[in-house]
Amino acid sequence: MTDTNGSGGPLVVDDPVRGLFRVHRSTMTSPELLQRERELIFDRSWLYLGHESELPKAGSFKTRTVAGRPLIFARDHTGRIRAYLNACPHRGAQVCREAQGCAKRFTCFYHGWTFANSGELLTVPGDEAYGEGFDRSELGLGEAPRLEAYRGFVFVNFDRGAVDLPAYLSGACEYLDLLVDQNPDGMEVIGGTQEYSMRANWKLLVENSIDGYHALTTHATYFTYLKDLGTDLSMGVSGTARQLGNGHGVIEYAAPWGRPIAHWEPRWGEEVRQDLDRLRDELVARLGQERAIRIAERNRNMVIFPNLVVNDIMSITIRTFEPITPDYMTVSAWALAPRGEAPELRARRLDSFLTFLGPGGFATPDDIEALEVCQRGFRTWREMEWSDLSRGMTNAHPGANDELQMRSFWRRWNDLITGAPAAAEPVPTPTGAAR
Ligand code: FES
Ligand code: FE
């Protein structure tokens, strides 16, 4: 299948010579394409499950949904991290119905089978009624076929034959390293989970999460607020875009909002300046001037294909989303922070996590409104067929306000959906011709 509109045309037009990149809007509305995405993308890609710090001790667990499947993200009594299928081997009930907790065992409420936190079936009420073919050792909790972690980020894959996680992450490893290297004692997820939903296709949030172009218009209220607080906005939002392989992409840029990692901003007050100076000195001593300044002063918004966003900006957000229907998704977001962070800095970080990135903050409601009005606009997809993502395609050095990072996603998406592998975007010469 190469199209859904009956015209025989492609879903993605990729013309580097003319500097044109377009995506057919049926990709945002078609139930058949969502089904193909489930089979060809979500059932085969490495998908984020959670962060190791969310399971602080043996027995800790969180229930999550990944690729439509209910899972138990758990640390067993040996300390090993597991991803159990949250479905009873007996007759299918969800074994764990709590959002989180700490348990030595999981007891299914339907008929009372009990499982160790390491998955083995322990007790079966009335098991004398079963014949000799009933083998308890075969009836433990099932697990996601693959589970691997990279620097604390835990992923699962439902394709047993998938490449290893570091190979999949490809160039995204460099950016996860930049994040984790912020603190010699590592990072931890803090606070609770932000959960919300949008009446929009999940790929709109992929695009939006790495879209520098929309910031000044969609988030005008936030920039006015910063200005009213006396923030210097003269630097604007400027930086670079990169494709990171396997559909991952990132923008890296300077922005006026300051970062609670060695980058003071006047509205935070003098009382945290010394803490930030100390952090900066530690970073420079440990990592060298260049890497330390890059970590401290640059913002990074990254998408790890298909549905993980890691935004390292005025706070660090981990965000993942699940398509429910072509025009509806659920979103989960967590704040990540350096372990042992000074309380004053932690307070500013959490304030940013709520006031800018929270579901009631400055940014997220604006973004939800933008994506929902796009989705409503897509009702005209038969007449207004194409969305344009050509920005910066003839630019030798694509910027954070260009769309290279989104094209990277869409090329991978198109490869997997149509089975027609596409090359990475050629680097244009300064005159604009592709080479
Ligand atoms: Fe779980 Fe029967 S379905 S014990
Ligand atoms: Fe936004």
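Quick caveat: nothing in here was measured; it's all calculated off a predicted structure. Side chains included, hydrogens not; waters and symmetry mates left out as well; all remaining heavy atoms used. Order of appearance sets the numbers: ligands from 1, and atoms from 1 within every ligand.
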Would you call Phe115 and Val95 a side-chain contact if the rule is heavy atoms closer than 4.5 Å?
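Answer yes - side chains close enough.
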Measure centre to centre between the rings of [X] and [Y], then say whether the value is under 6.0 Å.
| X | Y | value |
| --- | --- | --- |
| His51 | Trp334 | no |
| Trp202 | Phe42 | yes |
| Phe362 | His219 | no |
| Tyr150 | Phe155 | no |
| Phe61 | Phe106 | yes |

For ligand 1, which atoms sit closer than 4.0 Å to a heavy atom of [X]?
| X | value |
| --- | --- |
| Cys88 | 1 (Fe), 3 (S), 4 (S) |
| Cys108 | 1 (Fe), 3 (S), 4 (S) |
| Gly112 | 4 (S) |
| Tyr110 | 3 (S) |
| Trp113 | 4 (S) |

Would you check if atom 1 (Fe) of ligand 1 lies under 2.8 Å from any N, O or S atom of His90?
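No, His90 does not qualify, because none of its backbone or side-chain N, O or S atoms lies under 2.8 Å.
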For a distance under 2.8 Å, tell me if His111 has an N/O/S atom near atom 1 (Fe) of ligand 1.
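False for His111.
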Angular separation of His214 NE2 and Asp367 OD2 about the Fe ion (ligand 2), given to 10°:
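My answer is 140°, to the nearest 10°.
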To make sure I understand the geometry: which N, O or S atom in His219 is closest to the Fe ion (ligand 2)?
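Looking at His219, the N, O or S atom with the least distance to the Fe ion (ligand 2) is NE2.
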Please state which protein non-hydrogen atom is closest to atom 3 (S) of ligand 1 and give its distance, to 0.1 Å?
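Answer, as residue, atom name and distance: Arg91 N, 3.4 Å.
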Without hydrogens or angle criteria, can the side chains of Asn301 and Glu252 be said to hold a donor-acceptor pair below 3.5 Å?
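There is no such pair between these side chains.
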